[in-house]
Amino acid sequence: MTATKYLLEESQMPRSWYNIQADLPVPLPAVLHPGTMKAIGPDDLAPLFPMDLIAQEVSTSREIEIPEPVRDIYRLWRPAPLYRAHRLEKALGTPAKIFYKYEGVSPAGSHKPNTAVAQAFYNAQAGVKRLTTETGAGQWGTSLAFAGSLFGLEVLIFQVRVSYDQKPYRRAVMETYGARCLPSPSNETVYGRSVLAEKPEHPGSLGIAISEAVELAAQRDDTKYALGSVLNHVLMHQTIIGLEAMQQMEMADAWPDVVVGCTGGGSNFAGIAFPFIGQALRGGQRSRIVAVEPAACPSLTRGRYSYDFGDTGRMTPLVKMHTLGSSFTPPPFHAGGLRYHGMAPLVSHLKELGQIEASAYTQSECFEAGVLFSRTEGIVPAPEANHAVKGAIEEAMRCKREGKSETILFNLCGHGHFDMAAYQRYFAGDLKDERYDESELAMALAGLPTVPA
Ligand SMILES: *Cc1c(COP(=O)(O)O)cnc(C)c1O
C-alpha cells in the first residue's frame, strides 16, 4: 500500500526561491515606459516598489535566498503537504497516478501568502509605512492584509465593487487583519472619480482597481504598491511550491509526466511548474506542463501575444504578454481570481517558446470536477482551483483511454470555504456558462497599443 500524504520536515523547507530567468534560452522582452515607449530601468519602478523587489524583478541569478524573517512566517503552514489522490483515481477508474500539492493550508487559504509575506517584508525593511493593492474576490487582499499585520504595515485595498457587495465575509477577514477596504471604483482617486462620473453604478474590474491602487502609491513616498500575480518577482516567490513538491515526489518514488496548474495571472501555475521547466531547460528530465484557464477569459488560448498595459487606466508600464486587451471586461463567473485580461510575461514567453501547453474549460465543467474531487478527496476546492482539478482529470481520462499509467501532479492552490455561494448556485442549476462577446474582444484587441519595432 502506498502512502497518501507526503510531509517534509521544517528543516527540509527550501532556503531559496528559484528564478527561471537564469535558465531562459531567450531573455524576456523589455518592459516599456507607457509614455516614451522606451525600455524602462529600475529607477522608473522605484515610486511603486522597494529596490529589493525591483532587483528580483530583473535578476538572472538562479537562486535567491529566502530571508529568515520570511522563512519564520512560512513555518506557520509550510512545508505544505503533497497528497496522492487514491480515491479520485479509483472513482475515475484510471491507471494514472494523481498527486496534488495543497496550498489551502495557509492562513488565507491559498498560495498567495507565499508572495504577500515576502513583499511585506521587503517593503517594511525599506521603511515603507503603507501598501496599496487591488483585490477581486478577496484572496489577494486577505493575504496582503495578513502579511501587513505581521510586519506593522498599513494596508489599503481597492476591492472590485461587485465582490465588495457580494462577499462581505472576505472583507470582514481583511478588516480583522487590520486592513482598510474600499469599493472600486472609489471617490478616493482621480481615476476612480472619472470612472464614476461616466457610470455611477460601475461594477468595477481588476484593471480599474489596479489603476486606483497605483495612483495612490505613486503620490506618497511612504506608500508603495503590491501586486499579487503577473510580475516576475511574484512568480519567483511562488516557486517554493514546486521546489517542495519535487522533494515530495522523490519521497513518493515518483516523477510527474504531466504538471497541471490553473492560470489567472500565472503565479500559482508558475509556482508549481517553473522548477520542473527549469530542470528540463538545464538538460534534465522533461515533464509536459499544462496551464488551465477559464473559457470565459482565455488569455493564453485566445489572446494575442503583444505589448499591453496591466491596468484599464493605462498607467502601468507596457509588458509583452498574452492579452485580451486591457479594455476587455470578462463576463462574470465565479473564479474571480482568473478574471484578468492578461497573463504573466514569463508564462507567456514560455508558451511562445513551446515549453507549456494551455487549455480552457467552462465553469460548469470545472465545478463538476471540483464536486467529484470534494466527494473523493475531502477538500472543497476554490473555484479557481477547480480548473486545475479539471485539467488533471482530463489527463487521467486520457491515460485511461490510452491504457497508460502516467504520473500527474497538479496544484490545489486554495480551498473554497468563502465560495460556497457559488457551489450553491451550481447545485441549484443556475450557474450559467457566460460567453465573452467576440465583438468586444475584437475591439479590445484592435485597441492594443502600437509599439515601435
Ligand atoms: C488568486 C488566485 C488564483 C489566480 O492567480 P494566479 O496568479 O494565476 O495564481 C488562483 N487560485 C486561487 C486560489 C487564487 O486565490
Side-chain angles (χ1 to χ4, degrees), residues 80 100-116 119 133-147 157 159-160 163 167 170 173-174 206 209-210 226-242 260-274 290-294 297-300 303 310 321-322 330 333-348 350-351 356 358 360 363 366 370 373 379-391 410-419 422:
Y100 60 96
K101 178 77 169 164
Y102 185 41
E103 289 292 314
V105 291
S106 81
S110 76
H111 64 289
K112 291 212 171 72
N114 294 332
T115 183
Q119 292 189 47
T133 197
E134 72 292 326
T135 198
Q139 289 119 329
W140 170 241
T142 305
S143 303
L144 196 69
F146 155 67
I157 299 163
Q159 183 172 21
V160 176
S163 307
K167 305 206 164 182
R170 271 283 176 198
V173 181
M174 294 185 256
L206 271 180
I210 294 175
L227 187 61
S229 186
V230 178
L231 298 175
N232 304 340
H233 67 266
V234 178
L235 273 53
M236 186 189 71
H237 297 153
Q238 295 295 353
T239 58
I240 190 165
I241 301 171
V260 180
C262 69
T263 45
S267 75
N268 89 83
F269 169 76
I272 190 109
F274 281 9
V290 181
V292 184
E293 62 183 9
C297 189
S299 51
L300 275 174
M321 61 180 174
H322 287 90
F333 54 87
H334 284 283
L338 308 183
R339 280 187 76 230
Y340 183 63
H341 68 270
M343 181 51 58
L346 272 172
V347 173
S348 296
L350 288 161
K351 171 90 177 7
I356 64 177
Q363 71 172 347
C366 294
F373 185 84
I379 300 170
V380 180
E384 292 85 359
N386 283 342
H387 291 72
V389 175
K390 172 67 180 169
F410 76 93
N411 193 27
L412 190 68
C413 47
H415 67 64
H417 297 179
F418 288 94
D419 303 286

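Scope of the values below: all heavy atoms of this structure, side chains included, with no hydrogens, waters or symmetry mates. Just follow the structure's listing: the first ligand is 1, and inside any ligand the first atom is 1. Remember, it's a predicted structure, so these values are computed and weren't measured experimentally.
For atom 1 (C) of ligand 1, the nearest protein heavy atom (residue, atom name, distance) is K112 NZ, 1.3 Å. For atom 4 (C) of ligand 1, the closest non-hydrogen atom on the protein side is G337 O, 3.2 Å. With respect to atom 7 (O) of ligand 1, the closest heavy atom belonging to the protein is S229 OG, 2.5 Å.
Listed by number with element, the atoms of ligand 1 under 4.0 angstrom from any heavy atom of Q139 are 15 (O).
The minimum heavy-atom distance linking K101 with N411 is given by the pair O-OD1, 3.4 Å. A pairwise comparison of heavy atoms in T135 and W140 identifies OG1-N, 3.7 Å as the closest pair.
Although no hydrogens or angles enter the test, the distance criterion places no donor-acceptor pair under 3.5 Å between the side chain of E134 and the main chain of V160. A side-chain donor-acceptor contact under 3.5 Å links Y340 to the backbone of G310.
Residues Q238 and N268 form no side-chain contact, since every pair of their non-hydrogen atoms from C-beta on lies 4.5 Å or further apart.
Only backbone heavy atoms of T263 (N, CA, C or O) come within less than 4.0 Å of ligand 1; its side chain stays farther off. Heavy atoms of Q238 found under 4.0 angstrom from ligand 1: none, in either backbone or side chain.
Note on ligand 1: E103 sits outside its first shell, no heavy atom being nearer than 4.0 Å. Contact between G266 and ligand 1 is present, with at least one heavy atom of the residue lying under 4.0 Å from the ligand.
Polar contact check, G264 against ligand 1: a nitrogen or oxygen pair lies under 3.5 Å apart. Looking at C413 next to ligand 1, no N or O pair under 3.5 Å apart turns up. Where the criterion is an N or O separation shorter than 3.5 Å, residue side chain and backbone included, E384 fails it with respect to ligand 1.
Looking only at atom types and distance, the side chain of S348 has a donor-acceptor partner in the side chain of H322 under 3.5 Å away.
Every residue meeting the ring pair (Phe, Tyr, Trp, His ring centres under 6.0 Å) condition with F146, not counting sequence neighbours, appears here in chain and number order: Y177.
Rounded to the nearest 0.5 Å, atoms NE2 (H415) and CD (Q139) are 9.5 Å apart.
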